[in-house]
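Read through the structure below, which is laid out as structure tokens, and then see the notes.
Reminder, nothing fancy here: chain letters follow the sequence lines and each chain counts from 1.
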Amino acid sequence: MTREIAVVAFAQTAHRRTSDELSEVEMLMPVLHEVLERTGLKTADIGFTCSGSSDYLAGRAFSFTLALDGVGAWPPISESHVEMDGAWALYEAWTKLLTGDADTALVYSYGKSSPGPVRDVLTRQLDPYYVAPLWPDPVALAALQAQALIDAGETDEPALAAVAARNRAAASSNSHAQLRGSIPQGDYLVRPLRTGDCPPIGDGAAAVILATGERARELCARPAWIRGIDHRIEAHGLGVRDLTDSPSTRLAAEKAGAFERPVDTAELHAPFTSQEVILRKALRLDDSVTVNPSGGALAAHPIMAAGLIRVGEAAARIHRGESDRALAHATSGPCLQQNLVAVLEGDPR
Amino acid sequence: MSKEPVAVVGIGQTRHVAARRDVSIAGLVREAAGRALDDAGLTWADVEAVVIGKAPDFFEGVMMPELYLADALGAVGKPMLRVHTAGSVGGSTALVAANLVAARVHRTVLTLAFEKQSESNAMWGLSLPIPFQQPLLAGAGGFFAPHVRAYMRRSGAPDSIGSLVAYKDRRNALKNPYAHLHEHDITLEKVQSSPMLWDPIRYSETCPSSDGACAMVLTDRTGAARSPRPPAWMLGGAMRSEPTLFAGKDFVSPRAGKDCAADVYRQAGISDPRRDIDAAEIYVPFSWYEPMWLENLGFADEGEGWKLTEAGVTELDGDLPVNMSGGVLSTNPIGASGMIRFAEAALQVRGQAGEHQVDGARRVLGHAYGGGSQFFSMWLVGDRPPSS
């Protein structure tokens with residue numbers, strides 16, 4: 001019999017354009033304290049810890065080692081790290097809990113995009129021999145994808161502007177969001193994408209706690225049970241992919257059981273408006289589903305944490321009784337190359 | 001609830017060298033993965049998920065290279081995870097992959113770790129200056145030399161122990177076709193007269209910078225039954241981490257290492273590691289770490305590890321052979337080094353280690369560590385499935 005595993009607590013920073021005065025660890029510490037306080041657990045009570053971050057954002061090798069100091073790993077802890085968005089750290093922790101080796105897990109991730117030119121930095125993710133030397137940045141690549149979508153008749157610029165407006169209006173009730181309320185769509189950044197179609201550049205951190213079965217019920221009044229979670233990757237080369245679709249998202253959603261019953265909420269990690277259009281189609285989300293009530297990645301996009309935040313936001317809505325069955329999505333790589341889908345449910349009311 | 005037993009049914013390594021200029025990063029990893037699949041008698045289609053690890057992205061200058069490597073590793077349409085736990089990453093990566101099988105999330109998983117150090121400069125990659133943070137003191141040797149000194153002072157070990165380890169490992173490497181350093185004219189005198197780099201660590205007592213990759217195919221009971229060659233069974237596996245720097249830290253014998261070993265032994269039902277374990281592949285990047293880790297892993301009492309080395313116990317024909325493959329001292333593609341330890345342990349219990357095979361090796365430890373002696377990952381593999 002498979003173990004029941006739930007998200008029982010979530011915390012995040014107020015995401016900001018810069019945080020010059022804080023190191024990554026200083027940015028992360030309050031979030032770790034907050035998420036532990038929510039459950040009353042201490043570091044020593046946690047069975048497994050897993051984090052996600054990127055050395056390239058930090059500008060140094062082994063950057064996660066200092067964050068571990070912040071966790072207070074003494075006596076020594078069972079711990080691991082993915083060089084990925086924290087949503088994948090959560091996946092690793094979920095696996096660990098499934099083996100029965102632990103009953104609780106702390107998952108955190110963080111990223112500061114402000115210290116360097118993040119559009120340039122992200123070009124280093126690309127094929128190092130043929131593509132990276134051309135320095136195509138993520139906005140340019142997303143613009144290719146958006147144009148392909150427009151050419152296919154799947155959307156148009158006004159529709160994209162509406163996606164931006166809706167997300168940022170939703171963010172007005174999210175005190176953690178970086179961009180909130182009515183924001184002009186702005187000028188073209190890379191055609192057909194305007195400033196408003198793109199995520200803000202920002203710094204931030206997030207953390208969640210997972211627990212199994214009865215432990216989850218002790219720690220949380222209404223646990224957000226992970227009914228399924230899966231992730232899939234696509235080819236790296238943009239030339240061999242249909243940029244107007246996201247087959248990896250569809251497959252992950254299928255494996256996670258997302259299509260078995262309708263969801264009422266979806267938190268999508270769509271840094272660009274055009275990507276929300278693609279994801280809605282792949283995930284078969286119609287207008288009855290509340291999409292990105294947090295404002296999504298268009299309102300705050302701390303790289304490496306933005307995916308984990310989607311899981312946290314979806315779980316928090318279940319905790320608060322605002323959702324019964326929610327979908328959370330995270331992405332990584334150029335033009336939605338890699339995608340994770342989690343399905344969360346609250347106990348029946 | 002019970003875990004699914006995990007078996008190693010395929011192992012593949014590249015021939016490790018200073019610079020593989022004939023292949024791209026993708027070509028390098030594909031070579032190791034292809035060999036692991038061949039060994040397992042499987043094809044790319046049999047792999048359900050890929051778990052990949054390497055040390056810092058700055059070593060090749062590619063951010064999150066797993067994205068670019070998805071095609072080369074046949075991962076398209078599959079789950080792909082990227083682990084990074086500093087020098088211990090090769091071991092951690094194998095354990096994350098093993099958990100996918102143990103948790104019954106997947107039946108057959110390809111796990112791979114690599115480093116192509118020739119693409120850039122590891123010393124530089126480790127030494128990027130960051131404001132308000134302690135630098136790593138120009139590469140790893142400068143960081144670890146004081147801890148070796150502390151061990152020598154604490155244990156009263158004679159100065160000669162480090163050179164004995166290096167001499168042994170380099171001779172073992174001659175029996176391993178995949179090892180990077182093949183020093184056919186090696187002598188103890190040559191090791192002892194090599195230049196002093198970070199006192200007391202001499203040039204011949206340090207690991208090389210290698211290009212290389214190591215891959216394993218992990219599978220469940222059903223998969224193991226179909227394996228064309230004997231599987232190695234995981235009897236225990238664990239990770240432990242502790243902070244880099246704090247007043248109570250014992251750099252000579254970190255508690256995280258002791259706790260990690262204790263967890264593995266508990267899972268595997270090992271009460272006396274010196275008696276119950278037949279051989280060990282231990283992460284020894286600087287020669288003196290052999291006696292230090294022998295103590296940390298419970299093979300010797302505190303202060304006594306060097307005596308095992310001095311008495312020849314850790315030689316290939318000794319009572320507890322250590323680093324039969326030549327170890328990290330002979331081959332060091334950093335991100336892969338931990339996985340090579342795990343894979344070599346599995347080769348031994350499968351009886352597939354060729355010229356460096358230890359006769360009758362039934363239970364063998366694979367060990368990796370990283371960061372400032374703060375991240376540990378280990379597994380114990382055996383020639384029979386776990387009893388429970």
Side-chain angles (χ1 to χ4, degrees), chain A residues 1-3 23 49 54-56 58-62 64-66 68-69 71-84 88 91-92 95-101 121-122 124-129 131-132 230-237 240 247-248 251-252 332-334 337-338, chain B residues 1-3 24-25 55-71 75-86 92 95-96 99-100 102-105 119 125-126 128 130 132-133 238-246 248 254-256 259-260 263 371-372 374-375:
Chain A
M1 130 114 207
T2 305
R3 297 185 110 194
S23 71
T49 301
S54 164
D55 279 349
Y56 255 81
R60 58 156 293 178
F62 300 154
F64 58 92
T65 61
L66 291 160
L68 183 69
D69 287 15
V71 171
W74 188 260
I77 59 172
S78 174
E79 189 261 353
S80 185
H81 173 263
V82 295
E83 191 81 356
M84 306 177 84
W88 278 267
Y91 180 85
E92 186 184 327
T95 308
K96 181 80 174 173
L97 295 185
L98 275 184
T99 66
D101 285 345
V121 172
L122 289 174
R124 304 300 89 192
Q125 273 189 345
L126 304 168
D127 175 323
Y129 305 103
V131 185
D230 193 83
H231 60 99
R232 301 281 153 166
I233 196 164
E234 292 176 37
H236 185 63
V240 299
S248 58
L251 184 57
S332 177
Q337 188 194 345
Q338 189 175 21
Chain B
M1 70 162 277
S2 71
K3 283 190 272 189
S24 62
I25 299 171
D57 293 3
F58 285 106
F59 282 4
E60 286 83 10
V62 187
M63 178 183 185
M64 300 163 73
E66 69 280 4
L67 295 166
Y68 140 70
L69 292 172
D71 307 57
V76 171
K78 298 173 186 174
M80 186 173 197
L81 269 173
R82 158 73 194 287
V83 180
H84 180 11
T85 64
S92 309
L95 292 179
V96 172
N99 275 342
L100 288 171
R104 300 189 178 90
V105 174
E119 299 272 329
L126 278 177
L128 297 169
I130 301 295
F132 310 114
Q133 289 182 7
M239 294 188 233
R240 285 293 184 283
S241 310
E242 66 182 44
T244 326
L245 303 164
F246 72 107
R255 180 165 162 193
D259 288 3
C260 190
D263 192 357
Q374 64 187 124
F375 302 110

Of all heavy-atom pairs linking A:Ser54 and B:Met63, the shortest is OG-CE, 3.4 Å
Per-residue tally against chain A (heavy atom, under 4.5 Å) across B:Glu66, B:Glu119, B:Met80 peaks at B:Met80
Looking only at B:Ser241, B:Ala256, B:Gly61, B:Ala75, the option with the highest number of non-hydrogen pairs under 4.5 Å against chain A is B:Ser241
task: Take the angle between the ring planes of A:Phe64 and B:Phe375 and call it parallel below 30°, perpendicular above 60°, tilted in between.
output: tilted
(message) Strictly below 4.0 Å, N to O, side chains only: are B:Asp57 and A:Arg124 in salt-bridge contact?
(response) no
If one checks every heavy atom of A:Ser78 against chain B at 4.5 Å, the contacting part turns out to be both
Of A:Val82, A:Leu251, A:Leu126, A:Val71, the largest count of non-hydrogen pairs under 4.5 angstrom with chain B goes to A:Val82
Rounded to the nearest 0.5 Å, the CZ atom of B:Arg82 sits from the OG atom of A:Ser332 at a distance of 11.0 Å
With a 4.5 Å heavy-atom cut-off, do A:Ile233 and B:Lys78 have their side chains touching?
no
Side chains of A:Phe62 and B:Phe58: closer than 4.5 Å at any heavy-atom pair?
no
ring-ring contact (aromatic ring centres under 6.0 Å, His included) filter on B:Phe59, not counting sequence neighbours, yields none
Most contact-rich option vs chain B, by heavy-atom pairs under 4.5 angstrom, among A:Pro247, A:Gly72, A:Pro75, is A:Pro75
Rounding to 0.5 Å, atoms CG (B:Leu245) and OG1 (A:Thr65) come to a distance of 8.5 Å
Value for CH2 (A:Trp88) from CG (B:Leu81), rounded to nearest 0.5 Å, stands at 9.0 Å
Applying a strict 4.5 Å limit to non-hydrogen atoms, the region of B:Glu60 in contact with chain A is neither
query: Just by modelled atom types, is the A:Thr99 backbone N or O under 3.5 Å from a matching donor or acceptor in the B:Asn99 side chain?
result: no
ask   = Would you say A:Tyr91 and B:Val105 make side-chain contact, with heavy atoms under 4.5 Å?
value = yes
If one checks every heavy atom of A:Val121 against chain B at 4.5 Å, the contacting part turns out to be both
Any side-chain heavy atom of A:Tyr56 sitting closer than 4.5 Å to one from B:Met64? no
By salt bridge (Lys or Arg N to Asp or Glu O under 4.0 Å), A:Glu83 pairs with (sequence neighbours left out) none
Cut-off 4.5 Å, heavy atoms of chain B, and the answer for A:Ala235 is both
query = Counting distance only, does the side-chain N/O of A:Tyr129 pair as donor-acceptor with the main-chain N or O of B:Ile25 below 3.5 Å?
reply = yes
| request: Quick one: sort the B:His84 and A:His81 rings into parallel, tilted or perpendicular, breaks at 30° and 60°. | output: perpendicular
Comparing B:Gly371, B:Ala55, B:Gly77 against chain A, the one with the most heavy-atom pairs below 4.5 Å turns out to be B:Gly77
Which of A:Gln338, A:Met84, A:Glu234 passes side-chain contact (heavy atoms from CB on, under 4.5 Å) with B:Leu67? It is A:Gln338
Is a side-chain donor-acceptor pair under 3.5 Å present for A:Asp69 with B:Thr244? yes
Applying a strict 4.5 Å limit to non-hydrogen atoms, the region of A:Gln337 in contact with chain B is side chain
Counting C-beta onward and ignoring hydrogens, is there a side-chain heavy-atom pair between A:Leu68 and B:Gln374 closer than 4.5 Å? yes
